[in-house]
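Notes for the one structure printed next.
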Amino acid sequence: MIETLKNRSLILFIGLSIVLCNLGPLSARNLDPIPQKRLNQILLDAGKNFNTVETLKTLLTQEKNISIFSEPIISKGFCIFKRPGKLRLEFTEPFKSSLMVNNNRVYKYEYFNGAWKKLDPGNKEIMLIIMNHITGWLSGRFNDNNLYLISGFFRPEVTILLTPKDKEFKKFIRSFELGLNRELNGLDYIIIHETKKDFTKIEFHNDRLNGKLMDNLFDGSLDAPHPIDQW
Amino acid sequence: MVDGHPTEGVYLNKQKFSMVPSVLLVTLFILFSGCSTKTYAPPLGKIENSDLISKLNRGVRSQYPVRFKAVHHVALTLLGKTYVLNGYLTVNRLERQIHLIAQNDMGGTLFEIHTQGRKTSIQSNTKFLKPSWLEKSVVKDLENLYLNTPLPSPALSRGQDNLFLLSENQEGICRRYLFKEEPPGQNSDQKNYRLMDYKHIKNRKEIYAIAYTYENKDTGKITEQYPSFIALVNHTLHYQLKINIQYFLTPSGTDTAGILLLQKEKRRQ
């Protein structure tokens, strides 16, 4: 299996699949589509606004809706971002897990049996692809025409829908739905529409923009993620 | 096993057995008892108490509710590299039914497994996780975790530190369950026996092991009714799993379901 895992094309495919898991198409709801010309302007404005964000510190709540569970599965965590190229995505409940990128290097930590453990992940390439996508979205770069068809809706705020072009990718992720905030300078939520009716919604709250974030918060050379001040 | 390979004895939970003398005693107990008793003289007693044997043997399957849902947060280590997955799981032990949806921890379903009775269907969305490999690994792991059956006629040995070893040879493989006796709970004078680990031994070598942890390592208290952490190693297929578990239990009477399970088991016998 490892040999196959090392197959670059497959890795890229899986990476794409995962990325597509994190975005999703808007399902058939009564939504107000944004005309293409206006959408282009919104994307341009949002790109400029997002570009003013040097640092971001936000709590997140993930709600996973999966077909075999009648109840949503809730996870909590946080995300911190520092331009350029520093991103840390960490879950704190119910399981502790941390993923960080620092200047194109990926670090992965998991908390098992009472202690953090630094992993040597077998899918670093995938993680880097995913994290680069997230970094791109946090920087206001949504319109990657090579990967996605892009459309927009008001629900009521601006929602960007990214639909994968790749058929294999679509087997994993039908679309990503990015909910922009009213100021068009940040994300309120991401919905990943997966296979069947499964979807994952990640909501961001208590955002703090352009506060001071020390570089050591992204230091992957440590045995455990550097502690972070509580919100 | 948590941080590497287990030794050729039993996996020792370092947190639970932190005293060196205890470790030695437990190791000796494991090495010289159970399935090894035909080769080595056991330093600790073999027990002929049929009631206790029967109780522990039933305990093999009373470790979990009859029906439950759970999330597994899993680190799979294979040839030195680790892959983190989330498993979404429904189990109905009465019907021997398990449904697992396994996703990459960042999202995206990698494979789905559905077993009911002797039928298993596997759907893999990735070419690198072949159904044949999943059947030998994940399906077997799920069966060993949740669908284990009592041993036909096991032997029981007692060791220090209130440890009990239930074992039996079956077709060249020794299946061994290690229990720890715990004091009776409130409103009961019955002793409790907690399953600590489960192993397959072949030619005196451990080929498969599951170790269970019930305590909250952050508080040091054993508060969990069901295992909160499982460490699994498969020496044959060369992989290890570390599994954090979150249960979703419904208040509907598991006791009633447990009785049904025992009745069904008796009918099979």
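Labels below follow one simple rule: chain letters A, B, ... track the order of the sequence lines, proteins then strands, and each chain is numbered from 1.
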Separation of B:N86 CG from A:F91 CZ (nearest 0.5 Å)
9.0 Å
Part of B:I245 within contact of chain A (heavy atom distance under 4.5 Å):
backbone
Distance (rounded to the nearest 0.5 Å) between B:F248 CZ and A:F69 CZ:
5.5 Å
Donor-acceptor check, side chain of B:N244 to backbone of A:P94, threshold 3.5 angstrom: yes or no?
no
Find the distance between CZ (A:F112) and OG1 (B:T213) and round it off to the nearest 0.5 Å.
12.0 Å
Should A:E110 and B:K242 count as an ion pair when the cut-off is N to O under 4.0 Å?
no
Please classify the contact between A:K124 and chain B as side chain, backbone, both or neither, with a heavy-atom cut-off of under 4.5 Å.
neither
Kindly check if the number of other-residue, nucleotide or ligand heavy atoms within 6.0 Å of CG (A:D223) is above 12?
no
Identify which part of A:S70 has an atom lying under 4.5 Å from any heavy atom of chain B, answering side chain, backbone, both or neither.
both
Rounding to 0.5 Å, atoms CG (B:D105) and NZ (A:K108) come to a distance of 3.5 Å
Please classify the contact between B:V84 and chain A as side chain, backbone, both or neither, with a heavy-atom cut-off of under 4.5 Å.
side chain
Flag the one option from A:I73, A:I68, A:L119 with the top tally of heavy-atom pairs under 4.5 Å to chain B.
A:I68
So A:F95 and B:H73, would you call those rings parallel, tilted or perpendicular, with 30° and 60° as cut-offs?
parallel
How far does NZ of A:K118 sit from OG1 of B:T82, to the nearest 0.5 angstrom?
12.5 Å
Between the CG atom in B:L89 and the CD1 atom in A:I66, the distance rounded to the nearest 0.5 Å is 11.0 Å
